[in-house]
Each structure stands twice: as C-alpha cells, then as structure tokens.
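One structure below.
Remember, it's a predicted structure, so these values are computed and weren't measured experimentally.
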There are 2 protein chains.
Amino acid sequence: MSRLKQISEAVRDAGSLGVAELAALTGASEMTIRRDLEVLAAQGVLERYRGGARSLLLRGSEPPFALRSDENTDAKRRIAAVVAGLIADGESVVLDSGTTCLEVARLLHDRRVTVMPLSLHSVNALSSSSSVTLLVPGGRPRPGELALTGPLALASLQALRFDTAVIGCCGLSAEHGLTAFDLEDASVKRTAIASARRVIAAVDASKLTRTALAHVAPASSLDAVVTDAVVTDAAGDDGLTAAGVAVVTA
Amino acid sequence: MSRLKQISEAVRDAGSLGVAELAALTGASEMTIRRDLEVLAAQGVLERYRGGARSLLLRGSEPPFALRSDENTDAKRRIAAVVAGLIADGESVVLDSGTTCLEVARLLHDRRVTVMPLSLHSVNALSSSSSVTLLVPGGRPRPGELALTGPLALASLQALRFDTAVIGCCGLSAEHGLTAFDLEDASVKRTAIASARRVIAAVDASKLTRTALAHVAPASSLDAVVTDAVVTDAAGDDGLTAAGVAVVTA
DNA sequence: GCGATTGAACAACAGTGATGTGCGAAACTC
DNA sequence: GAGTTTCGCACATCACTGTTGTTCAATCGC
C-alpha cells in the first residue's frame, strides 16, 4: 500500500492526526509527511492545520481516483481482459469512468474500435492510438476523477448510438440495481446505458456488497456483468442471474 | 534543434534519405536513427522503406504538433503572457488549439476563469487546476494535434457564449483574414469566434506572411492581435490596424 | 515573546528513459 | 539460392528526473 493511501486511511480513521504520529506510523521523515499532506490536501482528501491534518472524506463518498488507481490491480486487469474480449472489432463503445474501465481502455488501444470514454483518463490512454476512432464527449471534468459530466456530456451521448456500453459502477445488487456515489455521474451513466444496444458492467467483487447514494438503473437493464468473484447467498443464488443478467467471472 | 526535427527537415528537403546518411548527419548511431524514423513514421511525418525513409510532409500542411511544440518558445511565451494579461478574472474563455494557445493555457492554470480549450493538450494542462472551471468540448481529436473537431465540437460551442475567444491561426493577413490548414479546424475556429463577444488572435510573426488553405474569418472580426513582431509595408502600414484591429506587440 | 512548526534549499538516491553495441533473423539483390 | 545488407531484439551504459532526507531561517500560534 502506498504511503499516501496509508496516511489518508489513518487520518480518516482517527479523524485527525499529527505530523509526528504519521511519521512514526509510516517510517518516513516529517518533511515527507508534510509534502504528502500537501498533495492530499490539494486532492481534497484532508485539511491541513498547523501540526497535523484532519480528514475530509465523507462516509458517502469514495476515495479520490489517485488513491484507487493502484488498488486491486490484478482483479481489475482480469476483469478488463474479459470485457475487452467481449468487444468485437468494428464495434462502437461508450466507456465509463473509473479505474476498471481505464484498464479496459488500455486494452483497446491497439484494437479497431470506436470509443467514447467518459473520463479524461481514458481519453488520454487512447489519444495516441492510430487504430481507435476516438470520440470525446463534452462536459465538465470532475477534479481527480476527470469524469465528464453535465449537460454537454449528456448531449454528446444523446446524439449517438453505440453497440456497447461498458459501465463501471460504485455499487451493484439485484435489489437496488446499479448505484453511483455522484448524482451527476449517475445521470451520465444512465444516459450512456440508454444510448447503447448492449450493456456490460465491469465490477470488482467489493462493489457487489455495496450500495451507493444515487440510483442509475435496475439490474435488469444490464446484459452482462463481469466480476472477479461472485457473491452468492445461502442458496447459491447471486441474485443477478435470476434477473436475466449473464454473470461472467474473470 | 532536436534530432527528430533535424531528421524530419532533412528528409523533407531531400525527398528521401538513407539511414546511414542520417546517422552521419546527426552524429547518432544507425540504431537510434531507426528508432527515430519509427516514431516519425507513427506521427505520419514520413514513410519507412528498407534502408531509409521518404517524406510525407505536403507543402500545404503543417508539421505535426510534437515537432512544433519546442520551436520559437520564447516568442510564444511572450505572446501568451500578453494574451493572459488581456483576460480578466471571472471571464469565460474559449481557447483554440495550437502551441501558442497551449502556452496561454499554462498561464491560466492558477487564474479564476472559465476555459473551454479546443485541444486535449490544453485540457490536460488545465485539468489539475482547482481554480479554473474547465469545460471540455466534445469532438474527434485529430492525431498529434489533438484538436477537437467535428459535429460534437461545433455543437458544444454553439451551446455556449463566451466573453473571449483566443484564436491561434495558421495564417493571418489583412487581405485574406484568418486562415487554417485544416478544413475541420477552420469551421471549429469560425464557430468559436461566433460564440464569443471578444476575439483575440495569438499569432507569431511567421504567420503574418503566410496564408493557409481554409478561410476562417475576415480580419475585421478580430478585436485584437497579439504578435511578437509587426510586419509593415513600405508605408509602415501593417494592414490590420486599418481594419480596426488593435495590434499588440509582445 | 517563545517555542514548535513550516517551507525552501541543497545533497543523496533510486527509477526511468535514451543511446549504443552485438547478434541472430529477415529481406533484398543478383 | 547464395551473399549481402538491413532490421529489430536484448542487454549494458549513461544521463536525467523525481523522491526522500537534512539543515536552517522564517513564520505561526499560544
């Protein structure tokens, strides 16, 4: 685990912590801790005060992109590989924001497909490709995440029809369907789903036990879910298969 | 001058050149030349054949972004500084593609302004800013340049009204007005100009003696031109002042 | 006012990217 | 089809960038 993540979690759990304590915890010098706190403050993770920092992470929100990106990389790569395999050459794909979808973007780099990514991270991953037809949606990038939102994003999606939507959500269950932490994100995802013929959700197992604030779409609007480990109840039922969703384990 | 640029110019001037000749010219090893030719071929600058490469640069087109970016940096910085000074806090700005406008983007990073850049390079320069309200237009990024074009870009621009448009064109003269090398680009620039109350052209002196293929707008549609050196005729007339354009020398 | 904290400057260090060399494989020439 | 040239991969080397730690003067809070 990176030191940045370690600090962010320690501060979140304690509410607030001093520089000296964090230095002792991580084994780094106080100067390094100060520099780390500076970048975390710039990301909005915490707030500096003289001698330490207090957490700004709310329970309902998710940790910022930079801290999630190198987390669970194996599972994400495996999920992304399966998703990329489900996409045929020549298809047009709308690709959601999030770290799992970013891995999918990387795998599509040398494929002959048309892609509209909903985050600038994926746009950058694909902008050097000569085989991908890249379409950038408009919108306001959310800080850190760089997910494009707002009326311009919705208008871009509504103007087009895609073969496949790859959605990476914050929560998924048979009961509550797809959910997201951010309201703006939720409406972008909803619009993306509506403009695609086929919908694939790329979801690591931790999301299957979680429900986030904003409702995106019912589970029945998904055609397939790709995940790394299926969560089943006592009867061996994942709840999704019954809703007509093909569940693929990577 | 970078070796890449040196190679690209040598091949352009000779039409085609061998690897050994380029190695002798640049003083680098043949292996290095091969690697360079590979990246230039990927950029569409030239075409490899066994033993050498031939130029693909047409007279009517401009050299790719990567080769222009570290060229004339001083003049671009000075022009950009003046342009940034003409923009007031709180303004909304549409920022054209090109290397000069990218410098403007960098100077706007810590300002309180709303910016819609027309190239992904400038988007990336601004996406880490917390003070800038960043708006991304939709569109298809042109390879290398990463300028956003096409119907999505036009729609994004038409949906908004800006205080100021900063335009970096390929050619400018009192007689032919603003001109651009690319037809798609030209219509994006034209739309940007139409959706802004005030139009500033950021143009280094080399563009003032050049006219490109596609007409963008007459010189009279500009409010100000910022350049590094004014070109005047025998009577000391730059031709633009007479058209009601304020010419500022950086 | 005093002590703790901070941020800037400098040095050491590791990680990354660029370059050159050697060699086997592929391609072109005759 | 044989010989020669060219190519690209693998590895070693090198410079450079970014990270970390140390020191010290300035600053902040009590």
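The distance between atom CD of E38(B) and atom P of dC7(D), rounded to the nearest whole Å, is 11 Å. Taking atom CE of M31(B) as the reference point, atom C1' of dT6(D) lies 11 Å away to the nearest angstrom. If you measure from atom CD of E30(B) to atom C1' of dC23(C), you get 15 Å, rounded to the nearest angstrom. As a whole-Å value, the separation of Y49(B) OH from dA26(C) P is 24 Å. Residue R34(B) contributes atom CZ, which lies 16 Å from atom P of dA10(D) at whole-angstrom precision. As a whole-Å value, the separation of D36(A) CG from dT6(C) P is 13 Å. Rounded to whole angstrom, the span from the CG atom of L17(A) across to the C1' atom of dT5(C) amounts to 17 Å. We find that CG of L22(A) is positioned 11 Å from P of dT6(C), with the value rounded to whole Å.
Candidate nucleotides dC7(D), dG20(C), dT20(D) were compared by shortest atom distance to the side chain of T32(A), and dT20(D) ranks first. Counting only heavy atoms from C-beta on, R3(A) has its side chain closest to dT20(D) among dT20(D), dC7(D), dC9(D). Side chain of R35(A), nearest nucleotide from dA9(C), dT19(C), dC7(D): dA9(C). Set against dG7(C), dT6(D), dT20(D), the side chain of R48(A) has dG7(C) as its closest nucleotide.
Residues F65(A) and S119(A) fail the side-chain proximity criterion, which asks for heavy atoms closer than 4.5 Å. Looking at K189(A) and S97(A), their side chains come closer than 4.5 Å, going by heavy atoms from C-beta outward.
A donor-acceptor pair shorter than 3.5 Å can be found between the side chains of S128(B) and H109(B).
The residue among I33(A) and V19(B) whose nearest nucleotide of DNA chain D is located toward the 5' end is V19(B).
In this structure, D185(B) CG and L213(B) CG are separated by 11.5 Å, a value rounded to the nearest 0.5 Å.
Donor-acceptor pairing under 3.5 Å, judged by distance alone, is absent between the side chain of R50(B) and the base of dT29(C).
One finds no salt bridge joining R34(A) and E38(A) here, because no Lys/Arg side-chain nitrogen approaches an Asp/Glu carboxylate oxygen to under 4.0 Å.
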